[in-house]
Amino acid sequence: MLFSRMLIPTLKETPAEAEAISHQLLLRAGMIRKVTSGIYNYLPLGKRVLAKVERIVREEMDRAGAQEVLMPAVQPAELWQESGRWGVYGKELLRFLDRHERDYCFGPTHEEVVTDLVRREVHSYRQLPLNLYQIQTKFRDEIRPRFGLIRSREFIMKDAYSFHKGEAGAEACYQDMYDAYNRIFKRCGLNFKVVEADSGPIGGSFSHEFMVLADTGEDLLASCNACAYAANLEKAEVPLDLQEPGPPAGDKELMATPGVRTVEEVAAFLKVNSKDIVKTLIYETERGPVAILIRGDHEVNEVKVKNLLGVTDLALAGLIRVQELTGAEAGFAGPVGLEIPIYADQAVVRMNAMVTGANHDNHHLLRVHPQRDFKISRMADLRAATAQDPCPRCGGELTILRGIEVGHIFKLGHKYSKALKAVYLDQEGAEQYIYMGCYGIGVSRIVAAAIEQGHDDHGIIFPMALAPVQVALIPISLNDAAVRDCVFKLHEELETAGIEVLLDDRDERPGVKFKDCDLLGVPLRVVIGAKTLAQGQAEVKERRAQAPEFVSLAGLPEFLRQRISAQIGASK
RNA sequence: CGGGGCGUAGCGCAGCCUGGCAGCGCGCCUGCUUUGGGAGCAGGAAGCCGGCGGUUCGAAUCCGCCCGCCCCGACCA
């Protein structure tokens, strides 16, 4: 591979639009270019990295017994209407009409299509189990695409769907996928953590997400320092520790708090601790408005609220609506006298003298008692876990980490097989619904995640398994005939040996080539200069290393081959 | 969708307040010199100043509408 012939448009300066480090470096390294918001071109080197990820995914999926298929990007509305998701998926589903004015969408996921395929072709228990996967372009019309390849609208995803006779087989398959995913991310050289995830309205007893640890991650996760427990913060339980409140600490009292709305303001104004204050959050749901009570120093976990209420739509009520429901401006809502259902976090229930809004402009109530002064419809764990909470498994200490979700596996059960009537006949000739599971990997997101994890001031540091090329070959001066002959000969020799090598044959000064080589993240750099060449040596430097090593030219291909396989093998 | 910011050469930006030749750095092209960490000199190409409308003798600059992009938030199988 000759640098001068490749489209590798590196940039010295960071384009203004890029915020995330992976986005900046992908642009600067000439691996991607934006076409429009959340939609990118992959240039030759970017495509090579993608291909590396895809290859690892294919090898491990095949090894786990899955079969590769390719489903269409464009899907007919009928299937989505049949599953019921045409009406509920929302604007993230890109819909359009064909020339006959028939409804279509660009697939954000493929449960409908794959279930349709299987229901047409699979009729007997003898044909099960089946695990079908594809690596394909998805489109989700994200409200706000951001961070380059981390949250794009069009992206490459590996999605797999398993079909089993029953739950037992599906769970074994789930475990196989769990293991395959661990191997995939390990081979990709990623530092990741598997966390318990919310399985959402789909249900199912469990779900796991694979998180690449990075400070720029959009997801928060709670991880136990003592045991193996780790969960998405959306899912992380706060151990239930129900206690009765103490007796009332005195009559409740109406206190004027002019213009004092937030927990911080109330705490400062009344000189109380935020732990003594209760926030009353008014939410709208498809089943009507509710009030959620959360202690002042805690944050509500909306996923837990949704699961408790069994609703899919949950949004903070607008200012006007809050006024209608509480009779006061936002900031002064409280549970006393509220007419809508009240759900309280467990921490609230044991408070015997809480400060709450008074449902009266510019007033709060002191010494409110949960049993004496208002009625709680239900009480539960409704708040986000914090680093101060104990591990729900072992009581150990939790750490809150940030992560980028690169994989998600969950059981679907009969949701789609029932909706689309995907059935088989069992040994007794009885019709049974097929038991499904689904397993996703964000292939293009892995590329970004690897860069978020592997970079320094000079550029990308790719793990060997993902690098666009394994070796960069840099001549100090192509005008020196000996050097020139040597690098072209080496280039051929290395390619013959099956080593991916990029010869920087550009008419540039060495400094430019070093800068670009670092920027691209090529793991091994071979420099040929007149002096070392005269000694029959090449200079080899690992991207991560400070100092170079000197290797005899004769032994160079073997030396590189060993380095490469050691590094790919190490992450295998 | 709410809040904020930005659209001027391929990239990074100045000019706009106070209307009057469209600029700077990098990149690109030609030539010479140079060759171990983003070279030097000389010459050159490249712009509907996001779009539409208005004000004005005259608009990148002032006014209105629209479009696009980025950030924060809400949202997210």
Side-chain angles (χ1 to χ4, degrees), chain A residues 9-20 23-24 27-28 30 33-39 80 83-85 88-93 105 107-112 138-148 151-153 155 157 159 161 197-204 207 209 218-219 232 234 281 283-284 300 302-303 306 312-319 405 407-412 415-416 436 438-440 442 457-459 474-480 483-484 504 506-519 525 527-533 539 541 548:
Chain A
T10 58
L11 303 172
K12 271 193 200 176
E13 287 173 292
T14 302
E17 69 192 37
E19 182 77 7
H23 190 194
Q24 294 178 358
L27 288 168
R28 285 193 55 210
R33 285 294 184 263
K34 186 177 72 180
V35 177
T36 186
S37 177
I39 298 181
W80 286 75
S83 73
R85 289 209 287 184
V88 300
Y89 209 99
K91 289 190 180 167
E92 206 176 305
L93 183 64
C105 63
T109 178
H110 279 66
E111 283 84 2
E112 281 80 2
K138 296 279 185 284
F139 192 94
R140 295 179 190 180
D141 201 356
E142 295 280 350
I143 296 174
R144 182 147 89 87
R146 59 183 130 179
F147 306 144
R151 180 163 297 270
S152 53
R153 293 196 293 170
F155 58 99
M157 179 171 176
D159 45 328
Y161 305 89
D198 179 56
S199 48
I202 293 168
S207 173
E209 288 169 340
E218 292 184 282
D219 287 289
N232 191 313
E234 288 181 348
L281 304 168
Y283 278 95
E284 287 287 6
V300 66
E302 295 189 353
V303 171
K306 274 187 189 177
T312 53
D313 293 340
L314 183 78
L316 274 173
L319 299 180
E405 181 188 343
H408 194 172
I409 57 178
F410 47 93
K411 299 201 299 187
L412 291 173
K415 179 179 163 82
Y416 294 94
M436 292 174 59
C438 95
Y439 319 92
D457 292 344
H458 301 289
I474 298 182
I476 289 302
S477 171
L478 282 170
N479 294 331
D480 183 313
V483 170
R484 189 185 173 86
D504 197 339
R506 293 176 300 171
D507 181 22
E508 292 285 357
R509 294 162 64 86
V512 173
K513 299 184 181 185
F514 293 148
K515 289 287 186 190
D516 275 345
C517 181
D518 286 346
L519 179 60
R525 186 183 83 186
V527 177
I528 304 294
K531 278 184 228 159
T532 46
L533 179 57
E539 173 190 313
K541 191 180 98 60

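Both backbone and side-chain heavy atoms feed into the values below; hydrogens, waters and symmetry mates do not. The shown structure was predicted, so the numbers you read here are calculated from the model rather than taken from an experiment. To find a chain, count down the sequence lines: A is the first, B the second, and so on, and within it residues start at 1.
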Checklist line | C48(B) and G7(B), which share atom name C1', separated by this distance in whole Å | finding: 15 Å
Next item on the list: Provide the distance between the two P atoms, one in C11(B) and one in G51(B), to the nearest whole Å.
Entry: 15 Å
Next item on the list: Round to a whole Å and report the spacing from NZ of K515(A) to P of U35(B).
Entry: 20 Å
Item checked: Watson-Crick/G-U partner (both atom distances under 3.5 Å) of U61(B) -> none
Margin query: Would you say that V527(A) contacts P548(A) through its side chain, given a criterion of any heavy-atom pair below 4.5 Å between the two side chains?
Written below: no
Note to self: Regarding C76(B), can its base be found pairing with the side chain of R151(A) as donor and acceptor, where the two atoms are less than 3.5 Å apart?
What the structure shows: yes
Next item on the list: Report the C-alpha distance between C517(A) and D504(A) in whole Å, list the side-chain angles of each, state the deciding distance to 0.1 Å, and finish with yes or no for side-chain contact (heavy atoms from CB on, under 4.5 Å).
Entry: CA-CA 9 Å; C517(A) 181; D504(A) 197 339; over 6 Å; no
Item checked: R509(A), nearest nucleotide to its side chain (from U34(B), C72(B), G37(B)) -> U34(B)
Checklist line | Heavy-atom side-chain proximity of K138(A) to H110(A) below 4.5 angstrom | finding: yes
Next item on the list: Just compare G36(B), G68(B), G37(B) and give me whichever is closest to any side-chain atom of T36(A).
Entry: G68(B)
Next item on the list: Could you list the residues that satisfy side chain to side chain contact (heavy atoms under 4.5 Å, CB included) with F139(A), not counting sequence neighbours?
Entry: I39(A), L94(A), F106(A), D141(A), R153(A), E154(A)
Next item on the list: Pick the C1' atom in U18(B) and in U61(B), then give their distance to the nearest Å.
Entry: 10 Å
Next item on the list: Give the intermediate values and the outcome of side-chain contact (heavy atoms from CB on, under 4.5 Å) for residues K306(A) and Y283(A).
Entry: CA-CA 11 Å; K306(A) 274 187 189 177; Y283(A) 278 95; over 6 Å; no
Next item on the list: To the nearest Å, give me how far apart CG (D507(A)) and C1' (G31(B)) are.
Entry: 13 Å
Check: Taking side chain as C-beta onward, heavy atoms only, is F514(A) less than 4.5 Å from H458(A)?
Finding: no
Next item on the list: Would you kindly compare H23(A) and D516(A) by the position of their nearest RNA chain B nucleotide and give the one closer to the 5′ end?
Entry: D516(A)
Margin query: Within the 4.0 Å heavy-atom criterion, would you say R153(A) contacts the bases, only the backbone, or no part of the nucleic acid?
Written below: nothing
Margin query: What I'd like to find out is whether the side chain of K513(A) reaches to under 4.5 Å of the side chain of R506(A), using heavy atoms alone.
Written below: yes
Next item on the list: Check whether any side-chain N or O of S477(A) sits under 4.0 Å from OP1 or OP2 of G36(B), and answer yes or no.
Entry: no
Check: Under 4.0 Å between a side-chain N/O of S37(A) and OP1 or OP2 of G68(B), yes or no?
Finding: no
Check: With respect to the side chain of R146(A), which nucleotide from G36(B), C71(B), C1(B) is positioned closest?
Finding: C71(B)
Next item on the list: Determine whether any donor atom in the side chain of R28(A) lies under 3.5 Å from an acceptor atom in the base of G38(B), or the reverse, and answer yes or no.
Entry: yes
Item checked: Atom pair distance, as rounded to whole Å: CD in E508(A) and C1' in G40(B) -> 14 Å
Checklist line | Side chain to side chain, L27(A) and E17(A), heavy atoms closer than 4.5 Å | finding: yes
Check: In the structure shown, which nucleotide is the Watson-Crick or G-U wobble counterpart of G43(B), with both distances under 3.5 Å?
Finding: C29(B)
Next item on the list: Assign each of G529(A) and A18(A) to its nearest nucleotide of RNA chain B by heavy atoms, then name whichever residue's nucleotide is nearer the 5' end.
Entry: G529(A)
Notebook entry, point to check: Tell me: NZ of K513(A) to C1' of G37(B), nearest whole Å?
Noted result: 13 Å
Next item on the list: Can you tell me, in whole Å, how much space there is between the C1' of C21(B) and that of G4(B)?
Entry: 36 Å
Next item on the list: Please state the C1' separation for the pair G27(B) and G36(B) - nearest whole angstrom.
Entry: 23 Å
Next item on the list: Any strand is fair game: report the nucleotide pairing with G38(B) by Watson-Crick or G-U wobble, both distances under 3.5 Å, or none.
Entry: none
Notebook entry, point to check: Any side-chain N or O of K306(A) under 4.0 Å from OP1/OP2 of C76(B)?
Noted result: yes
Note to self: Categorize E111(A) for me: base, sugar-phosphate, or nothing, with a 4.0 angstrom heavy-atom threshold over every strand shown.
What the structure shows: nothing
Checklist line | A22(B) pairs with, by Watson-Crick or G-U criteria that keep both distances under 3.5 Å | finding: none
Checklist line | Candidate pair T532(A) and E539(A), rule side-chain hydrogen bond (donor to acceptor under 3.5 Å, both in side chains), full reasoning | finding: CA-CA 7 Å; T532(A) 46; E539(A) 173 190 313; 5.8 Å; no
Checklist line | Integer-rounded Å distance: G38(B) P and I476(A) CD1 | finding: 12 Å
Item checked: Euclidean distance, atom CD of residue E19(A) to atom P of G73(B) [Å, nearest integer] -> 11 Å
Notebook entry, point to check: For K12(A) and G27(B), is the shortest distance between a side-chain N/O and OP1 or OP2 below 4.0 Å?
Noted result: yes
Notebook entry, point to check: What interatomic distance, in whole Å, is found between C1' of A14(B) and the corresponding atom of C24(B)?
Noted result: 7 Å
Check: Are K415(A) and E111(A) within salt-bridge range, i.e. N to O under 4.0 Å?
Finding: no
Checklist line | Rounded P spacing from C62(B) to G5(B) in Å | finding: 16 Å
Margin query: Nearest whole Å is fine: how far is G37(B) P from K541(A) NZ?
Written below: 14 Å
Note to self: Nearest to the T532(A) side chain among C1(B), G36(B), A39(B), which nucleotide is it?
What the structure shows: G36(B)
Next item on the list: Give the B/S/- string for nucleotides 5-12 of chain B, one per nucleotide from 5' to 3', where a protein heavy atom under 4.0 Å of the base yields B, of only the sugar-phosphate yields S, and otherwise -.
Entry: ------BS
Notebook entry, point to check: Can you tell me how far C1' in G64(B) sits from the matching atom in A59(B), rounded to whole Å?
Noted result: 15 Å
Next item on the list: For E302(A) and A74(B), give me the distance from atom CD to atom C1', rounded to whole Å.
Entry: 9 Å
Note to self: Nearest to the K34(A) side chain among G37(B), C70(B), A74(B), which nucleotide is it?
What the structure shows: C70(B)
Margin query: Side-chain N or O of R144(A) versus OP1/OP2 of A74(B): is the shortest distance under 4.0 Å?
Written below: no
